[in-house]
Each structure stands twice: as C-alpha cells, then as structure tokens.
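Before any comments, here is the structure.
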Amino acid sequence: MSFEQFREWTQSDDFPVKGRIDYVAGSLAIDMLPPMLVSHGQSKAQLFRAIANRVEFDDLGYVSIGETRVVSSSIQLSAEPDLVFVSHDSFNSGRVVLKPSKSDPDDSGELVGAPDLVVEVVSDSSARKDTKLLMAAYYEAGIDEYWIADARGDAVVFDIDTRGASRFEAVPTSGEGFVGSRVLNRAVRLSRLRNQHGRWKFTVDQRPID
C-alpha cells in the first residue's frame with residue numbers, strides 16, 4: 001500500500017490493536033510477537049520512568065511510552081517508538097504537530113514532525129529494524145537523539161546516538177557506564193542486578209553532565 005493509504009489504515013477501526021506495524025523506507029515492518037517481559041518490558045519501564053521524572057520535574061514537554069505514532073511525510077515514515085519525548089520548544093515552533101483524532105479533537109492519532117528524542121528497546125524480532133532501518137529513518141526525519149537499549153545478552157547494551165553531519169553518531173560511554181544526553185542535559189546509565197527471585201531488576205541512574 002502507499003504511504004498515505006497506510007496512514008489512513010492506522011487511524012481506522014481495521015488497524016490491529018496488537019503487535020507493531022511501521023512503515024519504513026517504503027515497506028511495512030510487521031512485528032506481531034509479544035515483547036519479552038523482562039529484557040524488553042522492564043528495561044523500557046525504567047527508561048520511561050527516568051525520562052518522565054526528568055521531563056515532569058523541569059516541565060520540559062511531553063513524553064509517551066508506546067502507542068505514539070510518529071509520522072514524517074517527507075521520508076514516508078510512520079512508526080511507534082517504544083518511547084518518545086517532545087519538548088515545549090518543538091511544539092511552540094511547529095516542528096512537531098499533534099494531528100487531532102477523528103473521534104476526539106482533544107486527542108491525537110499522530111505526532112507529525114521530528115521529536116527531540118526517541119527510544120527503542122531491542123527484541124529478537126526487532127534487532128535489524130531498530131539498529132539499521134529505524135536508525136537511518138529517524139536521522140532523515142530530523143530527530144535529535146536516538147537511544148537504543150538491548151538487554152537480551154550477558155551484558156546490557158545502552159547507546160545514545162546524536163546527530164552528526166550525515167548520520168547518528170554514538171556518544172562516548174564513561175568508565176562508570178554513563179552516557180550523556182544533550183536533549184535532557186543528563187548523563188544516563190541503564191544497569192541491572194538480580195532481585196530476590198533471581199530475575200533481572202533494571203535501574204536507570206542520572207546525573208548532571210560533566
């Protein structure tokens with residue numbers, strides 16, 4: 001289907017309520033597998049809490065976890081990142097616009113433009129999309145920062161990528177595992193330890209950028 005047909009489909013009653021379907025680089029990227037509860041769900045929840053607390057404390061803007069469809073017509077991108085942050089400045093300047101929902105003018109079905117920050121948590125079925133397709137698309141869409149977390153293996157991988165001259169470039173990680181975010185003006189670290197049940201418990205630490 002065309003990009004505009006896909007946009008209409010996402011706002012219709014026929015669009016699936018489960019799974020994730022993105023339109024990237026002229027193709028549909030379909031992932032109907034449920035995300036892993038620990039490596040995906042728990043790490044995403046802790047990243048959201050950390051970002052949301054920072055945004056709320058300093059009244060920086062809007063943050064959402066999942067089910068926020070980011071649309072860039074210029075590159076034909078329609079995706080639902082795991083986390084999205086949009087600053088007040090981006091709304092005020094018109095860089096990002098919330099398209100009103102057909103059923104409720106006070107709600108929105110699409111976030112059109114370039115958010116300040118998006119986060120993807122890698123799962124087995126999304127690894128190529130998160131690290132290749134979406135990384136390129138988010139850069140072309142004008143997004144400032146792209147965070148990628150991968151907690152599937154023996155060690156947690158957490159990267160913050162910022163805009164370079166022609167692509168996203170990884171921010172260096174400190175010896176203590178902190179990575180600097182210019183968007184939030186904080187150094188961030190994602191880590192994990194075993195809890196009393198032997199399961200991974202994720203923690204997100206923040207501190208001012210040196």
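Atoms considered below: every heavy atom in the structure, side chains included; atoms not considered: hydrogens, waters and symmetry mates. Computed from a prediction, not measured in an experiment: that's the story for all the values here. Throughout, residue positions are numbered sequentially from 1 according to the sequence presented.
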Under 3.5 Å donor-acceptor, R152 side chain and S39 backbone:
no
Note to self: Within the supplied structure, the quantity of interest is the number of heavy atoms (other residues, nucleotides, ligands) at a distance under 6.0 Å from M36 CE; does it exceed 12?
What the structure shows: no
Can you tell if the side chain of S123 reaches within under 4.5 Å of the side chain of D31, non-hydrogen atoms only? yes
| field | Connected via hydrophobic side-chain network under 4.5 Å: V121 and V204 | value | yes
dist R20:CZ -> S125:OG (nearest 0.5 Å) comes out at 10.0 Å
- Test item: L60 and L184 side chains (from C-beta on) under 4.5 Å apart, heavy atoms: yes
For V171 and G180 the tightest heavy-atom approach is CG1-O, 3.6 Å
Exercise for review: Look only at the side chain of S27 and the backbone of V24, and say whether a donor-acceptor pair between them is shorter than 3.5 Å.
Suggested key: no
Would a hydrophobic clustering, with Ile, Leu, Val, Met, Phe, Trp and Tyr connected at side-chain separations under 4.5 Å, put F48 with I148?
-> no
- Message: For a side chain to side chain contact (heavy atoms under 4.5 Å, CB included) check, start with the C-alpha distance between T203 and L193, then their side-chain angles and the critical distance, and finish with the verdict.
- Response: CA-CA 8 Å; T203 302; L193 292 171; over 6 Å; no
Just checking E169: does its CD atom have more than 12 heavy atoms from other residues, nucleotides or ligands closer to it than 6.0 angstrom? yes
Rounded to the nearest 0.5 Å, the CG atom of D159 sits from the CH2 atom of W147 at a distance of 12.0 Å
> Any link between V183 and F91 through a network of hydrophobic side chains (Ile, Leu, Val, Met, Phe, Trp, Tyr) touching at under 4.5 Å?
Replying inline: no
Task: Presence of salt bridge, R207 and D205, under 4.0 angstrom - done: no
Donor-acceptor under 3.5 Å (S87 side chain, S90 main chain)
yes
Of all heavy-atom pairs linking D22 and K129, the shortest is OD2-NZ, 3.2 Å
Please test V96 against Y62 for side chain to side chain contact (heavy atoms under 4.5 Å, CB included), starting from the C-alpha separation and ending with a verdict. CA-CA 11 Å; V96 175; Y62 165 93; over 6 Å; no
### Message
For the backbone of F178 and the side chain of S174, can you confirm whether one donor and one acceptor N or O come within less than 3.5 Å of each other?
### Response
yes
For residues F158 and W200: do they belong to one hydrophobic cluster (side chain heavy atoms under 4.5 Å, members Ile, Leu, Val, Met, Phe, Trp, Tyr)?
yes
Do the side chains of V63 and R54 get nearer than 4.5 Å, heavy atoms only? no
For V179 and P172, the nearest pair of non-hydrogen atoms, with its separation, is CG1-O, 4.1 Å
R192, CZ: over 12 other non-hydrogen atoms inside 6.0 angstrom:
yes
Tightest non-hydrogen contact, residues G113 and V70, listed as O-CG1, 4.0 Å
Correct closest heavy-atom pair for F202 and V38 would be CE1-O, 3.5 Å
Contact between F168 and R163 at the side-chain level, heavy atoms closer than 4.5 Å - yes or no? yes
d(Q11 CD, R69 CZ) to nearest 0.5 Å is 7.5 Å
More than 12 foreign heavy atoms under 6.0 Å from CD of E67: is that the case here? no
d(N185 CG, D58 CG) to nearest 0.5 Å is 9.0 Å
| Side-chain donor or acceptor of E145 paired with backbone N/O of I160 under 3.5 Å | no
Item to complete: Starting from the C-alpha separation in whole Å, work towards a yes-or-no answer on side chain to side chain contact (heavy atoms under 4.5 Å, CB included) for D89 and D116.
Response: CA-CA 10 Å; D89 288 343; D116 298 74; over 6 Å; no
Check your understanding: Is there side-chain contact between I75 and Y139, with heavy atoms separated by less than 4.5 Å?
Key -> no
Is there a path of hydrophobic side-chain contacts, each under 4.5 Å between heavy atoms of I, L, V, M, F, W or Y residues, that connects L77 with V112?
no
TODO: Decide yes or no for F85 and V119: does some side-chain heavy atom of the first lie under 4.5 Å from some side-chain heavy atom of the second?
DONE: no
Heavy-atom closest pair (T68 atom, S64 atom, distance to 0.1 Å) is OG1-OG, 2.5 Å
Distance col, row D144:CG vs Y138:OH, nearest 0.5 angstrom, shows 14.0 Å
query: Are any side-chain N or O atoms of R95 and backbone N or O atoms of G142, one a donor and one an acceptor, separated by less than 3.5 Å?
result: yes
Rounding to 0.5 Å, atoms OG1 (T10) and CD1 (I21) come to a distance of 10.0 Å
*Between the main-chain N or O of Q76 and the side-chain N or O of Y23, is there a donor-acceptor pair closer than 3.5 Å?*
no
field: Side-chain heavy-atom pair Y146, E120 within 4.5 angstrom cut-off
entry: yes
